[in-house]
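I'd like to ask you about the structure that follows.
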Amino acid sequence: DPILQAMGCIFALVGEADRKPYRIALPIVDMSSGLYAHGAILAALIARSQDKQSHFIEISLLDNVLSLLLNLGSTYLNTGEIPKRQGNAHPSIVPFNVFETKDRDVFLSASADSRWKKLCQTLELEAMIDDPRFSTTKARMQHRNEIERLLQERLKERTASEWMEKMDETGEGTPFAPINTLDHVFQDPHVVSRDIVAEIEHPVTGKIRMVAPPVHYDGARCEVRMPPPRLGEHNGEVLSWLLGYDEAQVAELQKEGIL
């Protein structure tokens with residue numbers, strides 16, 4: 001995955017401008033390629049029901065990672081402009097960044113004048129609403145550092161939870177979220193209410209917990225029916241089901257140490 005992130009420009013886009021590039025910590029190329037394959041398989045099955053033809057599907061990891069470049073890739077293809085790394089900031093939205101509160105970091109943005117106004121009201125910074133340095137998107141882009149300085153000073157006065165409560169009360173959709181660590185996210189009341197953590201018995205380790213599939217069918221979450229397989233656990237089933245091996249052939253392979 002990191003090889004494809006490097007080849008496909010993800011490294012070059014992630015991180016601070018004056019520091020080395022970073023990879024995305026999760027296997028985003030592998031996972032998104034699998035999701036593309038999932039959709040392609042379903043589309044091929046629908047097509048087969050209509051044209052009675054089988055279809056060969058190819059998913060290229062490199063093709064996939066280029067599709068993830070989205071607007072940044074399109075901007076380069078149409079203007080030749082190579083975007084610079086900007087950390088957590090956005091090239092055309094201000095504010096759009098990570099800020100410190102009294103206890104932990106949060107992310108916030110205000111992508112339109114109406115949201116900027118609502119953010120200033122919620123943070124009790126009404127004087128910034130009509131300040132000509134900040135009153136329009138263009139002006140805010142020109143005064144990015146000053147805006148971030150003033151917002152940072154205010155946000156440090158309260159905890160992330162206190163600001164979240166205030167945003168819920170008066171923010172009216174202002175993009176604002178605490179930057180959760182794993183312990184925070186799995187204790188979040190909304191995450192708990194979604195019942196996405198499954199528990200299942202494993203034949204070697206006993207009970208294990210995992211994140212369940214994020215899909216509901218007719219209001220019910222997909223069930224985790226089996227634990228992760230042990231190495232080679234289903235060799236016999238795969239050989240008999242896909243290749244037509246009988247029990248004697250499978251036993252012979254096991255005897256010879258091939259399985």
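Owing to the predicted nature of the structure, the values given are computational and were not obtained by experimental measurement.
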Stepwise side chain to side chain contact (heavy atoms under 4.5 Å, CB included) check, Thr122 with Glu169: CA-CA 9 Å; Thr122 304; Glu169 291 173 356; over 6 Å; no
In terms of heavy-atom contacts, Ala89 and Arg144 come closest through CB-NH1, 3.7 Å
Salt-bridge test for Arg149 and Glu146: reply yes if a basic N is under 4.0 Å from a carboxylate O, no otherwise. yes
Check the surroundings of atom CD1 in Ile3: do more than 12 heavy atoms from other residues, nucleotides or ligands lie under 6.0 Å from it? no
State, yes or no, whether a side-chain contact exists between Leu61 and Asp30 at a heavy-atom distance under 4.5 Å. yes
Yes or no on side chain to side chain donor-acceptor pair (under 3.5 Å) for Asp103 and Thr159, after CA distance, side-chain angles and deciding distance? CA-CA 5 Å; Asp103 60 344; Thr159 66; 4.6 Å; no
Kindly indicate whether the side chain of Val224, heavy atoms from C-beta on, has any atom under 4.5 Å from the side chain of Glu199. no
Just wondering, do Ile28 and Ile10 contact through their side chains at under 4.5 Å, heavy atoms? no
Considering only heavy atoms from C-beta outward, does the side chain of Leu150 approach that of Phe134 to under 4.5 Å? yes
Is there side-chain contact between Leu77 and Ser74, with heavy atoms separated by less than 4.5 Å? no
Nearest heavy-atom pair of Met164 and Pro178: which atoms, and what distance? SD-CD, 3.5 Å
Assess whether salt bridge (Lys or Arg N to Asp or Glu O under 4.0 Å) is satisfied between Lys166 and Glu124, documenting all intermediate values. CA-CA 11 Å; Lys166 192 162 179 60; Glu124 300 171 6; 3.4 Å; yes
Is it true that, when you exclude Glu247 itself, more than 12 heavy atoms of the residues, nucleotides or ligands shown sit nearer than 6.0 Å to its CD? no
Kindly indicate, with the supporting measurements, whether the criterion salt bridge (Lys or Arg N to Asp or Glu O under 4.0 Å) is fulfilled by Glu157 and Arg154. CA-CA 6 Å; Glu157 296 176 4; Arg154 175 66 68 174; 3.4 Å; yes
Tell me whether Val106 is reachable from Leu123 by hopping between hydrophobic residues (I, L, V, M, F, W, Y) whose side-chain heavy atoms are closer than 4.5 Å. yes
On a heavy-atom basis, the closest approach of Pro228 and Met210 is CD-CE, 3.9 Å
Applying a strict under-4.5 Å side-chain criterion to I, L, V, M, F, W and Y, I'd like to know whether Leu125 and Phe96 cluster together. no
Give a yes-or-no answer on whether the side chains of Gln187 and Asp183 include a donor-acceptor pair shorter than 3.5 Å. no
Does Asn64 form a side chain to side chain contact (heavy atoms under 4.5 Å, CB included) with Leu4? I'd like the steps, not just the answer. CA-CA 9 Å; Asn64 171 49; Leu4 271 299; over 6 Å; no
Which pair of heavy atoms, one from Phe107 and one from Ile179, lies closest together, and at what distance? N-CG1, 4.1 Å
In terms of hydrophobic clustering (I, L, V, M, F, W, Y; side-chain heavy atoms under 4.5 Å; direct or indirect links), are Ile129 and Leu155 co-clustered? no
Separation between CD of Glu223 and CD1 of Ile200, rounded to the nearest 0.5 Å: 8.0 Å
Does the side chain of Leu119 reach to within under 4.5 Å of the side chain of Pro95, using non-hydrogen atoms? yes
Can you tell me if Gln249 uses its side chain to pair, donor with acceptor, with the backbone of Asp246 under 3.5 Å? yes
Roughly how far, to the nearest 0.5 Å, is CD of Glu148 from CZ of Phe99? 4.5 Å
Got a second to check how far Asn235's CG is from Leu253's CG, nearest 0.5 Å? 9.5 Å
Any idea which heavy atoms bring Thr170 and Lys118 closest together, and the distance? O-CD, 3.0 Å
Phe11 atom CZ, over 12 foreign heavy atoms within 6.0 Å: yes
CG/Asp1 to OG/Ser32 distance, rounded to the nearest 0.5 angstrom? 7.5 Å
Counting neighbours of CD1 on Ile82 that are heavy atoms of other residues, nucleotides or ligands and sit closer than 6.0 Å, is the number greater than 12? no
Checking salt bridge (Lys or Arg N to Asp or Glu O under 4.0 Å) for the pair Arg140/Asp131: CA distance, chi angles, key distance, verdict? CA-CA 10 Å; Arg140 289 193 294 277; Asp131 187 316; over 6 Å; no
Val29-Leu26 co-clustered via ILVMFWY side chain contacts under 4.5 Å: no
Please check: side-chain N/O of Ser109 versus main-chain N/O of Ser111, any donor-acceptor pairing under 3.5 Å? no
So for atom CD1, which belongs to Ile57, do other residues, nucleotides or ligands contribute more than 12 heavy atoms lying within a distance under 6.0 Å? yes
Within this structure, what is the CE-CG distance for the pair Met31 and Leu35, rounded to the nearest 0.5 Å? 5.5 Å
Could you check whether any side-chain heavy atom of Leu239 comes within less than 4.5 Å of a side-chain heavy atom of Leu259, counting everything from C-beta outward? yes
Using a 6.0 Å cut-off, check whether atom CZ of Arg48 has over 12 heavy atoms from anything other than its own residue. no
If we only count heavy atoms from C-beta on, is the Met7 to Val65 side-chain gap below 4.5 Å? no
Is there a donor-acceptor pair under 3.5 Å between the side chain of Arg221 and the backbone N or O of Pro213? yes
With a 3.5 Å distance limit and no angle check, can you tell me whether His202 reaches the backbone of Ile208 through a side-chain donor-acceptor pair? no
Determine, step by step, whether Ile93 and Trp116 satisfy the side chain to side chain contact (heavy atoms under 4.5 Å, CB included) criterion, reporting the C-alpha distance in whole Å, the side-chain angles of both residues, the deciding distance to 0.1 Å, and the verdict. CA-CA 10 Å; Ile93 300 174; Trp116 167 248; over 6 Å; no
Answer yes or no: are there more than 12 heavy-atom neighbours, outside His38 itself, under 6.0 Å from its atom NE2? no
Indicate yes or no for a side-chain donor-acceptor contact from Arg85 to the backbone of Arg19 under 3.5 Å, with no hydrogens or angles considered. yes
Tell me whether Ile24 is reachable from Tyr22 by hopping between hydrophobic residues (I, L, V, M, F, W, Y) whose side-chain heavy atoms are closer than 4.5 Å. yes
Give the minimum heavy-atom separation between Thr101 and Ala160, together with the two atoms involved. OG1-N, 3.3 Å
Quick one: CD on Gln5 to CZ on Arg23, what's the gap to the nearest 0.5 Å? 7.0 Å
